[in-house]
Amino acid sequence: MRQPQDIVLLLKAAGEITRLRLLALLTQGELSVKDFTEILGQSQPRISRHLKLLADAGIVTRHAEGAWAYYRLNRDRASGALAQWVIEHVDPDAAELRRDREKLASLREVQRERAAAYFATIAQSWDRLRSLHVSDAAVEAAIVEATGAAKSGFLLDLGTGTGRMLELLANRYQHGIGLDSSREMLAVARAKLDAAGIDHAQVRLGDIADLGDYRGAADLVVLHQVLHYFDDPGTGVAFAGACLRPSGRMLIVDFAPHDLEFLRTEQAHRRLGMSNEQMALWAQASDLAVVSCRSFPPTREDGLTVCLWVLEPNKNQNEKGV
Ligand SMILES: C[S@@+](CC[C@H](N)C(=O)[O-])C[C@H]1O[C@@H](n2cnc3c(N)ncnc32)[C@H](O)[C@@H]1O
């Protein structure tokens, strides 16, 4: 139980219109201070002051990443639960909140278009670009090993790009689908699969935010160098997790936290890597568990550490047969 003065502090933190708007926006996922300033049209120091009050009261948590800071609702504590209650009881169609949501949606659309334009220009050279930062051979050997002893029935490779995972794992699944939102990347993937004679995998144009057709269908889901293009990688994990069968497995390969800020501007990255702690939180929020993680230090000076996380549905989910 909390002391009365703590509850007053908590209520004061949530009890202000700008902070209420920030909380309402955070129900859509993790957001950066930059996102908030663009949506609310208020200065960065002002927004930061509001966010600090919310963080001090334990309503939100802060995660610093390079020059940016990200915030999310703290769902673990009573203060987070109280914020959730407040938000659930505010009319979502109130003009201000609706406008904020619309601005967030158009901000994300602009960011998606920028990323799509970037992938359209690099599609032909992606396979060479990919290996600039990582030691492919060691990571790929570990990915094959992480698929487990038995061959998977259905593999879903999300953000398949040029289809490298479909090719690498060709002997590890019976039927594969590679999904990507870039036509240009998929054109390269199609040609690659044809050339390799892989006819048990197809590629499809689509968005990871819209995976309804694959719900509960996949034995193996792969997200290889994709999550750092998400503003909130946790939502990517959630979308992917919903595609898993109860006995399924998810392989996530991405960068460990780094500080190469230029990757945001030059290569459309949204996040500068991700930590084991973040991955565990995102997994937990999607009823998944991280069953193993391995990291691969760079083999060259300008390289980045790459991590391979293996996630599986929580045991109790298996027992429920969900
Ligand atoms: C860096 S490439 C990685 C491609 C491939 N997985 C690999 O490692 O070679 C990231 C790919 O994710 C795709 N992508 C990013 N966000 C996506 C989304 N929301 N839905 C579908 N594809 C997405 C991009 O179009 C791009 O082809």
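Just so you know, these numbers use all the heavy atoms, side chains as well, and skip hydrogens, waters and symmetry mates.
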Side chain proximity check, Ile252 to Leu308, heavy atoms < 4.5 angstrom: no
Are any of the side-chain heavy atoms of Met165 and Thr160 separated by less than 4.5 Å? no
Transitive ILVMFWY cluster of Tyr70 at side-chain heavy atoms under 4.5 Å: who else is in it? Trp68
With the threshold set at 4.0 Å, does a side-chain nitrogen-carboxylate oxygen contact exist between [X] and [Y]?
{"X": "Glu38", "Y": "Lys103", "value": "no"}
{"X": "Asp194", "Y": "Arg190", "value": "no"}
{"X": "Asp219", "Y": "Arg249", "value": "no"}
{"X": "Arg271", "Y": "Asp232", "value": "no"}
{"X": "Glu102", "Y": "Arg99", "value": "no"}

From Leu23, Asn74, Leu53, residue fulfilling side-chain contact (heavy atoms from CB on, under 4.5 Å) relative to Ile59: Leu23
Throw together a table of side-chain donor-acceptor distances under 3.5 angstrom for residues 86-97, partners on residues two or more places apart or in other chains.
| from | atom 1 | to | atom 2 | distance (Å) |
| --- | --- | --- | --- | --- |
| His89 | ND1 | Trp85 | O | 2.7 |
| Asp91 | OD1 | Asp93 | N | 2.8 |

Are Thr147 and Arg172 linked by a side-chain donor-acceptor pair shorter than 3.5 Å? yes
Donor-acceptor pairs under 3.5 Å, side chain of residues 272-282 to any protein atom, not counting sequence neighbours: which ones?
| from | atom 1 | to | atom 2 | distance (Å) |
| --- | --- | --- | --- | --- |
| Ser275 | OG | Glu277 | OE1 | 3.4 |
| Ser275 | OG | Gln278 | N | 3.1 |
| Ser275 | OG | Gln278 | OE1 | 3.3 |
| Asn276 | OD1 | Trp309 | NE1 | 2.8 |
| Gln278 | OE1 | Ser275 | N | 2.9 |
| Gln278 | NE2 | His63 | NE2 | 2.9 |
| Trp282 | NE1 | Glu30 | OE2 | 3.2 |

